[in-house]
Amino acid sequence: MRILGIETSCDETAASIVEDGSKIISNIVASQVDIHARYGGVVPEIASRQHIITIIPVMDEAMSKAQISWKDIDGIAVTYGPGLAGSLLVGVNVAKAMALAQGLPITGVNHLEAHIYANWLETEKSPFFPCLCLIVSGGHSDLVLMKGHGEFEKLGQTRDDAAGEAFDKAARILGLGYPGGPAIEQAAQSGIARFALPRAWLKGSYDFSFSGLKTALWHLAQREEILPSDSRVGDAAASFQSAVVDVLVSKTIKAAKELGVGQILLSGGVAANKLLTERFLNSSPTPILVPPPYLCTDNAAMVAVCGYYHFQTGQISGYDLDVVPSLGLG
Ligand code: KG4
Ligand code: ZN
């Protein structure tokens, strides 16, 4: 079964064709990062206009790279939330138009659920339930128990900034540019985590909090007068990264033990962070699954694999499929 996935929830216009819920036939991502970088973050109006320009060429490229025609596609999966309303509308409307024109079934996919399903791309490993999912992206830091396909129970979430958002804000404080995650990771490579920064453990809860850490970094930068050109930027970046990783790794491993799950699934853009994945792989007694970095950040292959399981379990949307910008999971 071949599924065309379409993703336009934020600032990546993406289309991908995935076979039998695992094999990527083509995977095209047009990033708008350079366009938004000068504003220090995503500008929603610009994002949706850029999707309008890019979506058809991206979809065409996904088809031509796959060397197939529309008659070889069995269904269309599209992200309908959460995300920016104007951006989501572009993908959902293109998906509906193509489904109608080609007589194909369509399924609306939750972007957070899609991030989790990236774990089953390009691997022989099959889903193993129940599992514990840590979704860490620009908008979410969710700890979710997955009991089966489409069966989620949210255990915890961030009380303020998402992990990715914290990386982006920390990079801005240190003058490292946007997006902040890769910038902090790179700066940290030449630094030592020698500055003491706080960790919000929120004992007795599966929630996270990163805004206190961000404020502490700001005070550190002011007090120590750390400038972007300063060699101590690397130390500050390493100290910040270490604090985020400590909390995410410790709380998730503890939750997995308490719940007795057999697998931990990492996902979302922050899961592309090398220190985070290494710490999980080296310290978790529970087996860890993590997609390769290019499948952690936004892409449409994860939407297609999630759509594949939707079609398998009869979750088909109608042509009245609408966007849900504040959609959650569980
Ligand atoms: O999943 P994603 O691509 O988009 C959303 O759904 O939000 O995640 C984007 C977030 C951004 O905040 C970005 O700074 C962060 O993921 N990110 C990283 C890394 N790569 C991307 N954070 C830490 N380390 C990275 N290597
Ligand atoms: Zn995402």
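Counting starts at 1 for both ligands and their atoms, in listed order. Residues take their numbers from the sequence shown, with the count starting at 1. These numbers come from a predicted model, not from an experiment.
A donor atom on one side chain and an acceptor atom on the other are found under 3.5 Å apart for S9 and E7. Using modelled atom types, one finds no donor on one side chain facing an acceptor on the other under 3.5 Å when comparing T107 with Q315.
Below 3.5 Å of separation, one finds an N or O of G269 facing an N or O of ligand 1. Checked by distance only, ligand 1 and G164 come closer than 3.5 Å through their nitrogen or oxygen atoms. Backbone and side-chain nitrogen or oxygen atoms of D298 are examined, and one is located within less than 3.5 angstrom of a nitrogen or oxygen of ligand 1. In terms of polar-atom proximity, E185 is counted as a contact of ligand 1, with an N or O under 3.5 Å from an N or O of the ligand. The distance criterion of under 3.5 Å between nitrogen or oxygen atoms is met by G181 with respect to ligand 1.
Note on H111: its N/O/S atom closest to the Zn ion (ligand 2) is NE2. For D298, the N, O or S atom closest to the Zn ion (ligand 2) goes by the atom name OD1. Of all N/O/S atoms in H115, NE2 sits nearest the Zn ion (ligand 2).
Between F129 and H149, the ring planes lie perpendicular to each other; the angle is over 60°, past the 30° to 60° tilted range. Under the 30°/60° scheme for interplanar angles, the aromatic rings of F210 and F208 are found to lie parallel.
Salt bridge present: R159 and D207 bring a charged side-chain N and a carboxylate O closer than 4.0 Å. Ion pair E224/R232 flagged as a salt bridge, since at least one NZ, NE, NH1 or NH2 atom sits closer than 4.0 Å to an Asp/Glu carboxylate oxygen.
Judged by the shortest distance from any of its heavy atoms, P182 lies inside the 4.0 Å radius around the atoms of ligand 1. The closest approach between H111 and ligand 1 falls below 4.0 Å for a heavy atom of the residue. Note on ligand 1: H115 sits in its first shell, one or more heavy atoms being nearer than 4.0 Å.
No close placement of the Y308 and Y117 rings is indicated, their centers lying 6.0 Å or farther apart.
Linking ILVMFWY side-chain heavy atoms closer than 4.5 Å, directly or via other members, places V144 and L112 in a single hydrophobic cluster.
Remark: ligand 1 atoms within the under-4.0 Å shell around heavy atoms of G139 are 7 (O).
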Audit row: R199, D246, salt bridge (charged side-chain N to carboxylate O under 4.0 Å, His left out) steps and yes/no
CA-CA 8 Å; R199 278 100 171 122; D246 274 357; 2.9 Å; yes

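In this structure, atom 24 (N) of ligand 1 lies nearest to the protein heavy atom N273 ND2, 3.1 Å.
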